[in-house]
Structure formats: C-alpha cells, structure tokens
Amino acid sequence: MTQNSTYALVLREHVADLDPLIERWTSGHFLLTGAARDEAEEFIGRLKDLRADLASRMARPDLEDRMPLVADGMTVR
C-alpha cells in the first residue's frame, strides 16, 4: 500500500465516521430549542464543512497516482 492510498483510505474512513453523525443531528431525532438549537446548528455546520474538506482532499488527482514504495535497508543492496 502506498502512502497516497493509505491517506485516501484514512480520509474515506473519517468521512464514513462523519456521515452518521450528520444524519443523526439533521434527522430531527433531537428536539432542541433556543440556545441549544443554535449551538446544534453551528455544530452541524462545522461537521458538514469538515466532511466537505475531507471529501475534497479525496478528490485530489495525485492520490490516484501510484508512488513507488519507500525502500528500506534490506531491499537496497
């Protein structure tokens, strides 16, 4: 596994972790009013921004390119 493919995998896992949180908080499961509602909306907005940032990083074309693996001392002789 290359460094780029590992990075892309980690990004996909983080997005997958955020999706259920966003769904739960936007589904109407929680009935909040007043300041708590405002804070929850701000929290949801931050989660969505974070998810969008991670998704845009996954879309980078250089993550698709295969980089050569780093050789260790045992393979270089």
Side-chain angles (χ1 to χ4, degrees):
M1 185 173 263
T2 67
Q3 182 178 6
N4 284 348
S5 61
T6 302
Y7 180 64
L9 177 66
V10 169
L11 289 175
R12 280 193 298 275
E13 288 175 354
H14 286 313
V15 167
D17 289 342
L18 288 174
D19 284 341
L21 287 173
I22 293 170
E23 176 62 30
R24 183 176 298 139
W25 281 93
T26 57
S27 68
H29 181 75
F30 300 106
L31 299 175
L32 303 173
T33 59
R37 180 178 169 198
D38 294 340
E39 286 185 35
E41 288 176 0
E42 182 180 342
F43 176 70
I44 293 166
R46 288 182 181 176
L47 286 177
K48 287 180 178 181
D49 290 344
L50 179 59
R51 189 203 183 286
D53 180 53
L54 293 174
S56 71
R57 291 182 191 191
M58 283 189 325
R60 287 182 19 200
D62 60 330
L63 290 181
E64 299 301 323
D65 296 338
R66 290 281 183 201
M67 290 178 53
L69 295 173
V70 176
D72 61 17
M74 297 299 290
T75 60
V76 178
R77 294 202 182 217

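What's counted below: heavy atoms across the whole structure, side chains too, no hydrogens, waters or symmetry copies.
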Checklist outcome for this item: Those residues at least two apart in sequence (or on a different chain) that pass side chain to side chain donor-acceptor pair (under 3.5 Å) with Glu23 are none
Item to check | Residue pair Gly28 / Leu31: nearest heavy atoms and the distance that separates them | outcome: O-CD2, 3.9 Å
Next on the checklist: Counting C-beta onward and ignoring hydrogens, is there a side-chain heavy-atom pair between Leu9 and Glu13 closer than 4.5 Å?
Outcome noted: yes
Checklist outcome for this item: Distance col, row Leu47:CG vs Glu42:CD, nearest 0.5 angstrom, shows 11.0 Å
Checklist entry - Just how far is it from atom CD1 of Ile22 to atom NZ of Lys48, taken to the nearest 0.5 Å? => result 7.0 Å
Next on the checklist: According to a hydrophobic-cluster definition based on side-chain heavy atoms being under 4.5 Å apart (Ile, Leu, Val, Met, Phe, Trp, Tyr only), do Leu21 and Leu50 belong together?
Outcome noted: yes
Checklist entry - Between Leu32 and Ala40, what is the shortest heavy-atom contact and its length? => result CD1-CB, 3.5 Å
Next on the checklist: Please report the interatomic distance CG(Leu54) to CG(Asp49), rounded to the nearest 0.5 Å.
Outcome noted: 11.0 Å
Checklist entry - Looking at CG of Asp53 and CE of Met58, how far apart are the two atoms once the value is rounded to the nearest 0.5 Å? => result 11.0 Å
